Amino acid sequence: MASKNFRRPTNYKKSTPLTEHGTQQAGQVALSLVIPVFNEADSLDSFLSRIDEVFQTQALIDLELVFINDGSTDTTLERLLERQRQDSRLRIVDLSRNFGKEAALSAGLQMAGGQIVVPIDADLQDPPEVILQMIERWREGYEVVLGHRVSRRSDTWAKSTSAHWFYRLHNRIAEQPLPENVGDFRLMDRCVVDALLTLPESRRFMKGLFAWVGFRTTHVDYERPERVAGQSKFNGWRLWNFALEGITSFSTEPLRIWTYLGATVSLVSFAFAMFIVLRTLIHGVDLPGYASLMVAVTFLGGLQLIGIGVLGEYLGRTYIESKRRPVFLVRRVYDPKD
Ligand code: UDP
Ligand code: MG
């Protein structure tokens, strides 16, 4: 009776109960692959032929390939355009410069039109056949299907150990834990992509944003192979900065540490001062302790510098966010129909 007085948002999808495989969301599905590419001219051919191998026989999947050329300086764009002439599934977004993988992914999610979207690397480290398993899980009613790496054998020891410690630290202090051994390779339902697109921040740590939005999530396991061609674009320094970005994006805990550390150091100094006063009272004036003085001065100096550094990190983020600059700039979008 009064129901027409309730105004409901219309853009939310109707809920799909978790059901037996195939009974929900069966039939034709539009899949967008989002592929950020930065100097990947050597991997493109192998990537596209693997995609063809996997999806040729899948009559129920309408495929769209959204390539984001993230300021490549090699022939990546030319090769893509060449392929697009024969292959109308390619959509190419050419960014005005290298904005980094996170920004390129954001651009891709914005351009992708599919009912389900899967970000995937161009170097075949994310095996395309895993997507078929992901789609099966999605048909069961899950909205996010993570690609979970069962081994990091293709990574160096240093990379996998530092990654492990990063996750431990991050998950201890951030509100939403990041699943370990999970990259950007994942299936997302349209509702998840739309949710991600509403997040306004311009510094985008995608793994954190993915975790933050939530939704019904499951995972499929896969072995991560070696890169087909070329070199990884993430060296040690870039990964370190990436980790800092992750931690400061999703937690203000590091700011709070200074309160506790400051309090502890002050208490210890106070106890030490009492000790010196008592000792002077009992034993008389001692020779001035140059060494302990220096230690105290430099130690506290160091602590203060680190504290200022942490404050600066957050202040810097606030500054950059406050400028409200776009995450990326597009030079041109090449649609197959053009
Ligand atoms: N990539 C990008 N912009 C960058 C760096 C990387 O678009 O600034 C792309 C790259 O072309 C590849 C994917 O991101 O498709 C993953 O990069 P990479 O293989 O170097 O990373 P790793 O697998 O070593 O973590
Ligand atoms: Mg790679």
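Note that ligands are numbered from 1 as they come in the structure, with each ligand's atoms numbered from 1 the same way. What you are looking at is a predicted structure, and each value in this text was computed from that prediction instead of being measured.
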Nearest 0.5 Å, what's the CG-CG distance between Leu60 and Leu31? 12.0 Å
Checking distances from the Mg ion (ligand 2), one finds that the N, O or S atom of Asp123 closest to it is OD2
Show me which atoms of ligand 1 lie under 4.0 Å from any heavy atom of Asn98. 3 (N), 4 (C), 8 (O)
Please state which protein non-hydrogen atom is closest to atom 15 (O) of ligand 1 and give its distance, to 0.1 Å? Pro36 O, 2.8 Å
Go through the steps to decide whether Gln115 and Asp189 satisfy the test side chain to side chain donor-acceptor pair (under 3.5 Å), and finish with yes or no. CA-CA 6 Å; Gln115 190 181 359; Asp189 188 87; 5.4 Å; no
Residue pair Phe67, Tyr334: steps toward the ring pair (Phe, Tyr, Trp, His ring centres under 6.0 Å) verdict: CA-CA 10 Å; Phe67 280 95; Tyr334 298 88; over 10 Å; no
Give the atoms of ligand 1, by number and element, whose distance to some non-hydrogen atom of Gly100 is under 4.0 Å. 3 (N), 8 (O)
Would one find an N or O of Ala122, backbone or side chain, under 3.5 Å from an N or O of ligand 1? yes
Would you give the length of the straight line joining atom CG of Asp87 to atom CG of Asp52, rounded to the nearest 0.5 angstrom? 6.5 Å
Below 6.0 angstrom between ring centroids: does that apply to Phe215 and Tyr142? no
Are Ser32 and Glu64 linked by a side-chain donor-acceptor pair shorter than 3.5 Å? yes
In terms of residue, atom name and distance, what is the protein heavy atom nearest to atom 16 (C) of ligand 1? Asp121 OD2, 3.3 Å
the protein heavy atom lying closest to atom 18 (P) of ligand 1 turns out to be Arg227 NH2, 3.5 Å
What protein heavy atom sits nearest atom 21 (O) of ligand 1, and how far off is it? Phe234 CD1, 3.3 Å
Under 3.5 Å, is there a donor on one side chain and an acceptor on the other for Glu40 and Ser43? yes
Please list, in number order, the atoms of ligand 1 under 4.0 Å from a heavy atom of Asp123. 19 (O), 23 (O)
Quick one: look up the protein heavy atom nearest atom 4 (C) of ligand 1 and list residue, atom name and how far away it is. Asp70 OD2, 3.5 Å
In sequence, state the C-alpha distance, the side-chain angles, and the governing distance for His148 and Asn181, and then conclude on side chain to side chain donor-acceptor pair (under 3.5 Å). CA-CA 6 Å; His148 178 253; Asn181 289 329; 4.6 Å; no
Within 45° of the axis and under 6.0 Å from the centre of the six-membered ring of Phe166, does NZ or CZ of Arg168 qualify? no
Give me the nearest non-hydrogen protein atom to atom 1 (N) of ligand 1 as residue plus atom name, then the distance to 0.1 Å. Phe38 CB, 3.8 Å
Of the side chain and backbone of Lys101, name the one, both, or neither that has a heavy atom under 4.0 Å from an atom of ligand 1. both
Rounded to the nearest 0.5 Å, what separation is found between the CG atom of Leu80 and the CG atom of Leu48? 7.5 Å
To the nearest 0.1 Å, how far is atom 25 (O) of ligand 1 from its closest protein heavy atom, and which atom is that? Lys159 NZ, 3.5 Å
Distance under 4.0 Å to a non-hydrogen atom of Val37: what atoms of ligand 1 satisfy this? 7 (O), 11 (O)
In terms of residue, atom name and distance, what is the protein heavy atom nearest to atom 11 (O) of ligand 1? Glu40 OE2, 2.6 Å
Counting only heavy atoms, which portion of Asn39 has something under 4.0 Å from ligand 1: side chain, backbone, both, or neither? neither
